[in-house]
Amino acid sequence: MYLKIQLEWNVLITPENLDPRGLLLQRSIIIRLLEEFANRKATKDHGYFLSVTTLEKIGEGKIRPESGDVLFPVRYNCLTFKPFKGEVLKGVVDRIVKHGVFLICGPVGNVFLSVKTMPDYQYVHGENPTFMNNESSKIEKGAVVRFVVLGTKWVETEKEFQVLASLAGDFLGPVS
């Protein structure tokens, strides 16, 4: 699910980027915020960070005596993506193994669709393995698949979510 959230962050500006006219200072703060935002991948509470939408407030800067850098508190709105249990999403098949399918869904690179959660699909091995059902519906590498989220797990060391998915339900499976 896409979420619009408001966050606060401290942006550090070096002395050479300070400008008494203020316009270049604001530009420097925005550029630095975007650079730092791009380096943040995700958090457990908010999901994957996608984009900064608006800059709400730049607070009063505090000078760091040892370096001369100025620390500005910034409040901004951003767009995030976080998978929730029960949500229906689409993903692209990345890998197929005997026990299931690995999908990529937007920034979530680890969605697993177990063979046990794919009713009526059988594994077909070969050079290009696939899963097929009795109605000739085929799940192969690169195919787009609509699925429901059974559960999510946050992996702190990787700063990412793992998602367990299912095709049990109406209108789920390969999208033509």
Side-chain angles (χ1 to χ4, degrees), residues 1-97 99-114 117 141-142 144-166 175:
M1 178 178 294
Y2 292 99
L3 305 170
K4 183 179 178 185
I5 60 170
Q6 190 171 80
L7 295 173
E8 293 185 0
W9 193 255
N10 290 321
V11 176
L12 192 65
I13 301 296
T14 58
E16 52 269 7
N17 289 323
L18 297 172
D19 179 45
R21 293 173 286 183
L23 191 58
L24 292 178
L25 175 61
Q26 184 176 6
R27 183 176 179 267
S28 294
I29 292 171
I30 292 170
I31 289 170
R32 186 74 180 139
L33 173 65
L34 291 174
E35 287 171 354
E36 291 179 17
F37 185 83
N39 291 329
R40 295 177 78 184
K41 185 175 179 181
T43 65
K44 183 179 182 178
D45 295 334
H46 303 301
Y48 293 89
F49 296 106
L50 301 179
S51 70
V52 173
T53 54
T54 55
L55 181 62
E56 293 294 317
K57 180 183 176 190
I58 298 174
E60 188 174 322
K62 294 180 177 83
I63 299 172
R64 290 187 151 177
E66 65 278 353
S67 63
D69 296 343
V70 182
L71 193 66
F72 290 92
V74 175
R75 186 172 49 222
Y76 61 96
N77 293 321
C78 66
L79 189 64
T80 65
F81 176 79
K82 184 177 179 183
F84 288 97
K85 182 178 179 180
E87 183 175 20
V88 175
L89 299 170
K90 288 182 186 175
V92 177
V93 176
D94 183 46
R95 285 183 298 140
I96 296 178
V97 294
H99 302 292
V101 177
F102 288 94
L103 306 164
I104 296 173
C105 176
V108 184
N110 197 357
V111 177
F112 183 64
L113 185 56
S114 171
T117 63
K141 184 176 172 116
V144 177
V145 177
R146 185 179 298 118
F147 61 90
V148 64
V149 176
L150 287 180
T152 63
K153 178 182 174 186
W154 172 250
V155 182
E156 184 64 39
T157 55
E158 301 294 323
K159 299 279 189 226
E160 68 179 15
F161 287 92
Q162 293 179 342
V163 174
L164 183 60
S166 172
V175 178

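Along the sequence shown, residues carry numbers from 1. Note that the structure is predicted; figures quoted are calculated from it, not measured.
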Any donor-acceptor N/O pair, Y76 side chain to W9 backbone, under 3.5 Å: no

Derivation of the side-chain contact (heavy atoms from CB on, under 4.5 Å) call for Q162 and V155: CA-CA 7 Å; Q162 293 179 342; V155 182; 3.7 Å; yes

Euclidean distance, L103 CG relative to F147 CZ, rounded to 0.5 Å: 6.0 Å

From V163, V111, V145, V92, residue fulfilling side chain to side chain contact (heavy atoms under 4.5 Å, CB included) relative to C105: V111

Expected output: side-chain K82 to main-chain K44 donor-acceptor under 3.5 Å: yes

V149 side chain reached by F84 side chain, heavy atoms, under 4.5 Å: no

Minimal non-hydrogen separation, C78 against L7, with atom names: SG-CD1, 3.8 Å

Parallel, tilted or perpendicular, as decided by the 30° and 60° cut-offs, for the rings of F49 and F37: perpendicular

For L50 against P107, the heavy-atom pair lying closest together: CD2-CG, 4.2 Å

Crowding at CD, E60 (>12 non-hydrogen neighbours, <6.0 Å): no

Atom pair CZ/CD1 of R75 and I58 - distance to nearest 0.5 Å: 11.5 Å

Closest non-hydrogen atom pair between G68 and P15, with its separation: O-CG, 3.4 Å

Rounded distance (nearest 0.5 Å) linking atom CG of L113 with atom CG of L150: 9.0 Å

Contact summary for V148 and G86, nearest pair of heavy atoms: CG2-O, 3.6 Å

Interatomic spacing from OG1 in T43 to OH in Y48 - rounded to 0.5 Å: 10.5 Å

Atom pair CD1/CZ of I13 and R32 - distance to nearest 0.5 Å: 7.0 Å

V93 versus K141, closest heavy-atom pair with distance: CG1-CA, 3.7 Å

Under 3.5 Å: donor-acceptor pair, side chain of T117, backbone of A165: yes

I63 atom CD1, over 12 foreign heavy atoms within 6.0 Å: no

Salt-bridge present (E36, R40; N to O < 4.0 Å): no

Nearest-0.5 Å distance, CG of residue N39 to CG of residue L34: 11.0 Å

Nearest atoms (heavy-atom pairs only) where F161 meets G47: CE1-CA, 3.7 Å

Side-chain touch N77/K4, heavy atoms, less than 4.5 angstrom: yes

Other residues, nucleotides, ligands: >12 heavy atoms within 6.0 Å of K41 NZ: yes

Any donor-acceptor pair under 3.5 Å from E87 side chain to M1 backbone: yes

